[in-house]
Amino acid sequence: MECSLLYVSRATLAAERLDAAADDIVALSRAYNASAGITGGLVLAGGYFAQLLEGPTEAVKTLMERINRDPRHEEVSVLRIAARSKRQFPDWSMAYAGGSTYVAKQIAALLGPGPADPKQIDRLTTLIVSFASM
Ligand SMILES: Cc1cc2nc3c(=O)[nH]c(=O)nc-3n(C[C@H](O)[C@H](O)[C@H](O)COP(=O)(O)O)c2cc1C
């Protein structure tokens, strides 16, 4: 059974440390989520996180328990868990939108001479779509 889970939380870290912390979270999440068959998107805005996790129900619940214990955020509120067969982020082990160096890196990778990587273009497109739909 597949499900999607949406939660919001408040970051506990000082504003100037948040971007770096989010980069760490996303880097670690990519590897773990890929191995667990989980995809999704994470947004950091104004000191709040919003994250959508999708994948096998048991795997999503197990991950959510770990995320819930993470001291880098508090007031973790699960808003919705829904049975889902179609994924909203099929190509992303964890898409990320925030005022971070991560978005800058996505753009920088597509700047400059030489043909752009189509996968990279897809990633930036998804980022923009996820920004626009927030
Ligand atoms: C807002 C937020 C989102 C997170 N999202 C993920 C995620 O999608 N995948 C993941 O493996 N860890 C994620 N983490 C990190 C986990 O909370 C935890 O640090 C990590 O899974 C390692 O857990 P462990 O220390 O119990 O091994 C997130 C942390 C925060 C604060």
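Counting starts at 1 for both ligands and their atoms, in listed order. The structure presented is a predicted model; accordingly, all values stated were derived computationally and were not measured.
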Should one rank Q51, R66, M64 by closest heavy-atom distance to atom 23 (O) of ligand 1, which comes out on top?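 Residue with the shortest heavy-atom distance to the ligand atom: R66.
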Hey, looking at atom 8 (O) of ligand 1, which of L42, N33, V8 has the closest heavy atom?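 Nearest option to atom 8 (O) of ligand 1, by heavy atoms: N33.
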When you check the gap from the basic side-chain N to the acidic O, do R10 and E75 get nearer than 4.0 Å? yes
Do D117 and K119 meet the salt-bridge criterion of a basic N to acidic O distance under 4.0 Å? no
Could you tell me the separation between the CZ atom of F49 and the OG1 atom of T12, rounded to the nearest 0.5 Å?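 Between atom CZ of F49 and atom OG1 of T12 there are 8.0 Å.
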Interatomic distance, E2 atom CD to T39 atom OG1 [nearest 0.5 angstrom]: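 Reported to 0.5 Å precision, the distance equals 8.0 Å.
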What atoms of ligand 1 come closer than 4.0 angstrom to any heavy atom of [X]?
X: M94; answer: 8 (O)
X: L63; answer: 7 (C), 8 (O), 9 (N), 10 (C), 11 (O), 12 (N)
X: Y7; answer: 1 (C), 2 (C), 3 (C)
X: R72; answer: 15 (C), 19 (O)
X: Y32; answer: 11 (O)
X: H73; answer: 1 (C), 31 (C)

Would you say atom 25 (O) of ligand 1 has a protein heavy atom nearer than 4.0 Å?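 Given the 4.0 Å limit, the answer for atom 25 (O) of ligand 1 is no, no protein heavy atom qualifies.
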Over all atoms of both residues, closest heavy-atom pair of [X] and [Y]:
X: G37; Y: P56; value: O-CD, 3.5 Å
X: N33; Y: S93; value: ND2-O, 3.1 Å
X: R30; Y: Y96; value: NH2-N, 4.4 Å

Spell out, as yes or no, whether a donor-acceptor pair under 3.5 Å connects the side chain of Q51 to the backbone of G40.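 Not at all, since once roles are kept as given, no pair shorter than 3.5 Å links the two residues.
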[atom]: which protein heavy atom is closest, and how many Å away?
atom: atom 4 (C) of ligand 1; result: I25 CG2, 3.5 Å
atom: atom 15 (C) of ligand 1; result: D70 OD2, 3.6 Å
atom: atom 6 (C) of ligand 1; result: S29 OG, 3.0 Å

